Amino acid sequence: MDGLDLNKEILDIAKTRVYSNLYLQNILDITIQKKYDVIISMFAVLNHLKNTQELEKALMNLKNILTDGGKIIIDLHNPQDSGSKTDFYDNMTRTMEWHYDKKSKIEDSKIIFEIDGKKYIDSHTFRIFTIDEVKQCCANVGLVVKKVYENYDSNKHGSSIS
Ligand SMILES: C[S@@+](CC[C@H](N)C(=O)[O-])C[C@H]1O[C@@H](n2cnc3c(N)ncnc32)[C@H](O)[C@@H]1O
């Protein structure tokens with residue numbers, strides 16, 4: 001199992017936990033020569049892409065390192081609403097605030113983690129891709145969408161940590 005991320009800090013953390021080849025690469029510019037039977041893109045990586053052109057490019061790059069008959073599993077963040085929510089855990093509180101702009105399909109989010117009294121803030125901008133956009137981009141690069149889970153439910157926001 002290999003890994004790829006744009007961010008060196010994330011890869012440095014991963015290095016302490018897995019014995020894999022970890023590639024510091026942009027999904028838009030993959031130079032890996034190997035082929036994989038399964039590629040998994042977890043936790044909204046592709047939502048960091050700016051538009052459908054970039055999504056298509058990323059999907060093409062993944063297809064290029066996929067074996068014939070291989071599978072790509074993509075996890076996308078897809079709500080189309082604005083709001084806020086706080087979750088409480090043993091030693092942590094997580095407050096999320098998000099604003100979705102329908103016209104641009106851009107979501108700006110701020111997540112405040114308070115762990116043992118110390119605050120950590122993460123802000124990010126996501127492009128929310130509709131299921132039709134995803135299907136079109138897949139079709140454009142010759143990928144077939146076999147299954148869409150959870151009905152691509154745009155009412156769900158934020159998973160719980162358990
Ligand atoms: C929410 S994290 C998920 C991290 C990891 N995939 C996991 O399963 O724990 C999203 C990751 O996407 C990475 N990312 C964003 N844009 C990227 C790009 N263009 N190419 C590669 N990685 C990217 C970020 O650096 C970040 O680590």
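Keep in mind it's a predicted model, so treat the numbers as computed, not measured. Whatever order the structure lists them in is the order used to number ligands and atoms, beginning at 1.
- Closest to atom 9 (O) of ligand 1 among all protein heavy atoms lies Phe43 CD1, 3.7 Å.
- Residue Glu54 places no heavy atom under 4.0 Å from ligand 1.
- Between the OG1 atom of Thr67 and the CD1 atom of Ile39 there is a distance of 8.0 Å, given to the nearest 0.5 Å.
- Against a heavy-atom cut-off of under 4.0 Å, Ile10 is close to the following atoms of ligand 1: 27 (O).
- At the top of the distance list for atom 16 (N) of ligand 1, counting protein heavy atoms only, stands His48 CB, 3.5 Å.
- Closest to atom 20 (N) of ligand 1 among all protein heavy atoms lies Ile27 N, 2.9 Å.
- Nearest to atom 23 (C) of ligand 1 among the protein's heavy atoms is Leu6 CB, 3.7 Å.
- Nearest to atom 18 (C) of ligand 1 by heavy-atom distance, out of Asn26, Leu11, Ile30, is Asn26.
- Taking 4.0 Å as the cut-off between side-chain N and carboxylate O, Asp122 and Lys110 do not count as a salt-bridged pair.
- Using a 4.0 Å cut-off between charged nitrogen and carboxylate oxygen, Lys15 and Asp12 count as a salt-bridge pair.
- Remark: minimum distance from atom 26 (C) of ligand 1 to any protein heavy atom is reached at Asp5 OD2, 3.5 Å.
- Taking 4.0 Å as the cut-off between side-chain N and carboxylate O, Arg127 and Glu54 do not count as a salt-bridged pair.
- Ion pair Glu107/Lys102 not flagged as a salt bridge, since none of the NZ, NE, NH1 or NH2 atoms sits closer than 4.0 Å to an Asp/Glu carboxylate oxygen.
- Annotation: side chain of Leu55 is in contact with side chain of Leu46 (closest heavy-atom distance under 4.5 Å).
- At a 4.0 Å heavy-atom cut-off, ligand 1 touches Met42 through backbone and side chain alike.
- Not a single N or O atom of Val45, backbone or side chain, sits closer than 3.5 Å to an N or O atom of ligand 1.
- Inter-residue side-chain proximity for Tyr120 and Ile112 is flagged as unmet; no heavy-atom pair is nearer than 4.5 Å.
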